[in-house]
Amino acid sequence: VLKLISEYIQLKSDDDFLIESINERKTKKRTLTVPEYAETTVISAGKYRGAKFLNSRAPYLIEPMECMNPGSDIQDVRLMFPAQSGKTTAWELACLYYMAIKPSEILYVAATMPSAIKWITKRIEPRASQQGIIFKAQTEINSTRRSGNTVIQKDFPGGNLDLASACSASSLASETKRIVGMDELDRWKEELKKEGSPFDIAYARTQGWGNQRKIMAFSTPTTYEESLILPLYEDGDCRQFWVNCPICGEPQLLTLYEWANHGLKWETINGRLDEDSIRYTCPHCSQDWYEHQKGAVLLTGIWKPSREPRTPYIRSYHINGIYSPFLLWKDIAAEFELTRNNQEKLQTFTNLKMGMPYKISGTRPDVKDIIQLRGTYKAGDIPPGVLFLVVGVDCQRGSAKDLNNKQRIEYEVLGIGAGMRTWSIDYQRMEGDIYNAFSPLWTGFLELMKNVEYTRADGMKFKIDMIFIDSSDGDTSDVIYNVARRMSYVYPIKGEKTIQLKKNEFFDELSTRSDTPFKQRRIDADLVCYHISTLHYKDRIYRSLKIVRTNKEVQPMGFFDFSKSHSDRYFEMLVSEERTKKGYDSGGRRNESLDVKVYGCCAGDVFLRMYLDDMRAEAKIKGVSAYECSLINTHDALKELILETKNENYYKGDPCPYNVFWKGNKK
Ligand SMILES: [Zn+2]
């Protein structure tokens with residue numbers, strides 16, 4: 001008994017000693033704030049890899065990190081930042097702080113599981129080991145066997161770090177967490193069918209922690225319509241980073257106003273950026289200062305709220321790339337120059353360099369501007385540049401009472417070129433019975449499509465390569481399937497706002513809903529139907545319609561050309577729909593030529609994909625390795641088509657980039 005008692009006493013005193021030493025450790029380190037702690041770490045990747053982390057390098061990260069201090073009232077931090085601005089670093093340092101200084105339960109949510117794993121292996125583990133944090137074990141929890149969703153949990157003394165993917169609700173719903181980081185929200189799926197938004201699910205997991213919780217959500221925005229970070233940013237107090245002019249000392253926001261005589265400025269010589277001319281012009285004293293002064297200017301900066309937060313305890317921050325020490329002004333200027341004749345690039349620039357959402361909605365292109373796009377060629381002519389022809393067909397049931405709205409089809413013969421350029425060759429309507437696959441209307445149409453031949457000025461002949469017919473109307477879908485069975489290159493299509501995937505289908509890592517343009521659905525052994533994202537194509541068409549004709553022979557990438565015979569009605573229908581937050585709304589206006597353009601553009605994409613598949617199959621037969629075959633891309637397909645149609649001279653000097661929608665073929 002005595003032995004036991006003495007052991008007990010021994011144990012107790014060991015215990016006390018342990019508690020004391022922990023307390024001591026706590027009080028000693030408690031004085032460290034997140035930014036102070038940050039300076040004890042080393043940068044794991046990028047330009048400053050291996051160097052000590054210095055708050056003075058990107059002073060705008062200090063305040064968001066301070067919000068993550070245990071003593072701060074702020075529970076929610078939201079960063080709408082451009083790429084390469086350090087937003088992920090701010091989160092990482094906060095995360096490490098809650099591993100080393102105040103061990104806690106942490107959740108990190110990325111758009112996909114592979115990106116979450118990449119984050120922990122590339123960015124956290126090297127830093128953690130440098131900080132002496134040892135992960136005890138790696139538990140892989142198979143939370144739902146059926147979906148096969150895996151949660152990865154890393155344990156460290158006093159806490160753990162869960163990795164989850166925003167794509168899978170089941171991986172998000174588990175035990176309560178004090179610290180949550182949500183990365184690249186704008187690449188998340190907006191909602192997980194029934195389970196609700198991944199943001200809300202992750203958020204709910206912090207509730208047990210009351211005002212002790214810390215949530216950091218950060219992303220580069222996408223568009224006003226679809227961005228998830230934008231509404232979160234607007235919920236907060238929308239802070240902006242004010243810096244002082246190094247010459248006159250006036251506080252200001254750094255901006256890029258092309259039309260103003262202040263802001264980030266540069267000259268071009270013969271269309272080429274003059275790097276030496278890049279400077280920042282102050283709106284107050286009109287003096288110029290240069291990039292080497294940026295570091296000093298940043299040190300004068302303070303965050304100022306631009307509104308009352310809608311919800312208390314939320315701080316939101318926005319900054320653009322001009323401030324970033326990780327982005328060079330010459331790269332910003334060069335990228336901006338590229339947007340001049342490329343609307344697609346303008347969105348990328350706005351998002352990645354300026355950290356701003358891109359605005360598509362609110363307006364529709366003005367008919368007066370669009371009518372000016374009428375070209376110089378006659379309907380039925382094939383202008384140089386056209387590589388192949390597709391046809392989009394819209395079916396209208398019409399109204400027996402309205403003579404102007406008879407039962408009919410409307411179709412467009414569309415020429416497709418490299419760099420997503422299109423030429424409207426012809427637009428026609430044919431009246432007749434659309435409800436019978438063998439009606440004179442359908443027979444006549446198919447005969448015409450089979451036999452029609454268009455001739456380019458030099459004698460080169462073009463035939464129709466692919467036809468897409470709308471089968472969205474439930475009453476006609478079987479008829480359209482039967483029409484499609486009559487000719488091999490005719491396909492039924494179904495327009496959907498965005499492409500919905502079934503359980504076993506996945507988006508590739510880069511795709512989000514809005515940029516997955518189409519998918520194939522097999523009807524039976526002989527027939528496939530294409531499901532088209534109308535949102536994707538209408539956005540693309542509206543972007544293209546903003547591109548102004550130049551006086552060069554080869555128009556800018558993405559340019560849409562029209563024959564001089566196209567009617568006013570055609571152009572009115574083409575811009576009939578308004579882009580709203582929910583999608584496109586015709587407001588009851590006739591919109592056939594827009595629908596037909598959607599089908600044609602998609603047929604162009606599908607044709608190119610098939611052409612590419614054929615090239616790969618052919619290479620395989622010739623004995624080319626599977627890997628080499630996989631390297632054949634849309635660029636190669638376009639090159640082949642350019643040679644086939646004798647368009648080399650036309651595209652000479654053109655970058656001829658492969659269609660930008662094509663992201664998944666590098667596997
Ligand atoms: Zn000044």
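All values derive from a computational prediction rather than experimental measurement. Both ligands and their constituent atoms are indexed starting at 1 by order of listing. Positions are given from 1, in the same order as the sequence printed here.
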*Intermediate values then yes/no, side-chain contact (heavy atoms from CB on, under 4.5 Å), Tyr280 and Thr255*: CA-CA 9 Å; Tyr280 197 93; Thr255 51; 3.7 Å; yes

Salt bridge (charged side-chain N to carboxylate O under 4.0 Å, His left out) filter on Glu66, not counting sequence neighbours, yields none

Item to check | Modelled atom types, side-chain donor and acceptor of Glu92 and Trp119, under 3.5 Å | outcome: yes

For residues 325-334, the salt bridge (charged side-chain N to carboxylate O under 4.0 Å, His left out) pairs (sequence neighbours left out) are none

Side-chain donor-acceptor contact under 3.5 Å, Tyr317 with Glu63: yes

Residues at least two apart in sequence or cross-chain that pass side chain to side chain donor-acceptor pair (under 3.5 Å) with Ser219, listed by chain then number, are Glu184

Within the 2.8 Å cut-off the protein N, O or S neighbours of the Zn ion (ligand 1) are Cys245 SG, Cys248 SG, Cys282 SG, Cys285 SG

